[in-house]
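Here's the structure, in structure tokens; my notes come after.
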Amino acid sequence: MKKLIIAALLSSLAAAGASAETVVIVSQKNPATRMFSEQASQFFLGKSNLFTPVDQAEGSHIRADFYQKVAEKDPAQVKALWSKLVFTGKATPPKEYPNNAEVKKAVAADPKAIGYIDKSAVDDTVKVILTLP
């Protein structure tokens, strides 16, 4: 039993360490079909309000990876940018959700929402419009 638990832990750690593909998603009701990284960064950095961004939890690996890939910014830079936008009253930061399932649920329920999740969490409730390398 002890060996089985250790094997399961090692397996889950290896899976967590592997770089998973991140995808940008919208509701099935959203007419968008494709998006470029530069476009996605505009929504998640408060430069456009065409979509309502939905964020992963602060401090999560997927969030740090996402912002690095679409905007070439680390978490501290993103936080500073949003602090400035909020302070000046120009924008409201994206609502945060604790995991892929909650982000997917929020995006599926709102045709204007845009979010990002691990590719393995995609199902028919959302539509992938961008896959990040």
Side-chain angles (χ1 to χ4, degrees):
M1 182 68 165
K2 196 175 191 180
K3 287 182 182 180
L4 183 62
I5 293 171
I6 290 172
L9 283 172
L10 289 174
S11 175
S12 66
L13 287 174
S19 181
E21 268 188 312
T22 301
V23 293
V24 176
I25 58 169
V26 293
S27 166
Q28 286 288 357
K29 295 175 184 141
N30 188 305
T33 57
R34 283 185 35 187
M35 185 173 288
F36 295 106
S37 293
E38 298 80 20
Q39 293 168 307
S41 73
Q42 291 179 356
F43 304 118
F44 285 92
L45 297 177
K47 296 177 181 176
S48 173
N49 61 4
L50 184 62
F51 288 93
T52 305
V54 174
D55 230 338
Q56 294 272 357
E58 187 173 353
S60 66
H61 174 72
I62 191 170
R63 181 171 170 160
D65 189 54
F66 171 78
Y67 281 104
Q68 188 60 49
K69 287 179 178 176
V70 300
E72 297 179 350
K73 295 192 181 304
D74 64 35
Q77 291 171 308
V78 173
K79 190 170 186 166
L81 185 135
W82 274 108
S83 293
K84 182 179 177 183
L85 289 172
V86 170
F87 181 74
T88 59
K90 293 182 179 175
T92 304
K95 185 163 181 175
E96 291 180 28
Y97 290 88
N99 54 46
N100 288 320
E102 293 298 316
V103 168
K104 182 173 57 176
K105 184 176 169 183
V107 170
D110 181 356
K112 280 195 69 177
I114 184 171
Y116 56 93
I117 59 175
D118 185 274
K119 186 176 184 176
S120 65
V122 172
D123 62 23
D124 63 355
T125 63
V126 293
K127 182 172 28 172
V128 174
I129 58 170
L130 172 65
T131 301
L132 299 170

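Positions are given from 1 along the sequence.
Aromatic ring pairs are classed by plane angle as parallel below 30°, tilted from 30° to 60° and perpendicular above 60°; the pair Phe44 and Phe66 is perpendicular.
Across Ser27 and Pro111, no two heavy atoms sit closer than the pair CB-CA, 3.8 Å. Scanning both residues, Asp118 and Ala20, for their nearest heavy atoms gives OD2-CB, 2.6 Å. When all heavy atoms of Phe43 and Leu50 are compared, the closest pair comes out as CE2-CB, 3.7 Å.
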Working for side chain to side chain contact (heavy atoms under 4.5 Å, CB included), residues Asp65 and Thr22: CA-CA 8 Å; Asp65 189 54; Thr22 301; 3.8 Å; yes

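Within 6.0 Å of CG on Asn49 lie no more than 12 heavy atoms contributed by other residues, nucleotides or ligands.
Considering NZ of Lys73 and CG of Leu81, their distance stands at 6.5 Å, rounded to 0.5 Å. The NZ atom of Lys79 lies 12.0 Å from the CG atom of Asp74; values are rounded to the nearest 0.5 Å. To the nearest 0.5 angstrom, Ser37 atom OG is 4.5 Å from Leu130 atom CG. Between Gln68 atom CD and Leu132 atom CG the span is 11.5 Å, to the nearest 0.5 Å.
No side-chain donor-acceptor contact under 3.5 Å links Glu21 to the backbone of Pro133. Remark: the backbone N or O of Pro94 is not paired with any side-chain donor or acceptor of Asp55 at under 3.5 angstrom. Of the possible polar contacts, one joining the Lys127 side chain to the Ala32 backbone as a donor-acceptor pair under 3.5 Å is found.
Side-chain contact between Gln77 and Tyr67 is absent, with no heavy atoms from C-beta onward closer than 4.5 Å. In this structure, the side chains of Lys90 and Leu85 come closer than 4.5 Å at one or more pairs of heavy atoms. Glu96 is not listed as a side-chain neighbour of Gln56, based on a closest heavy-atom distance of 4.5 Å or more. Residues Ile114 and Thr52 are not in side-chain contact: their nearest non-hydrogen atoms beyond the backbone lie 4.5 Å or more apart. Between Gln28 and Thr125 the shortest side-chain heavy-atom distance does not fall below 4.5 Å. For the pair Val122 and Val23, the minimum side-chain heavy-atom distance is below 4.5 Å. The shortest distance between side-chain heavy atoms of Asp110 and Val107 does not fall below 4.5 Å. Under the 4.5 Å side-chain criterion, counting only non-hydrogen atoms from C-beta, Ile25 is in contact with Ile117.
Transitive grouping of hydrophobic side chains (ILVMFWY, heavy atoms separated by less than 4.5 Å) keeps Phe87 and Val78 in distinct clusters. The cluster map of Ile, Leu, Val, Met, Phe, Trp and Tyr, joined by side-chain heavy atoms under 4.5 Å apart, puts Ile62 and Val54 in different clusters.
When each of Gln39, Lys112, Met35, Gln42 is checked for a side-chain contact (heavy atoms from CB on, under 4.5 Å) with Phe51, only Met35 meets the rule.
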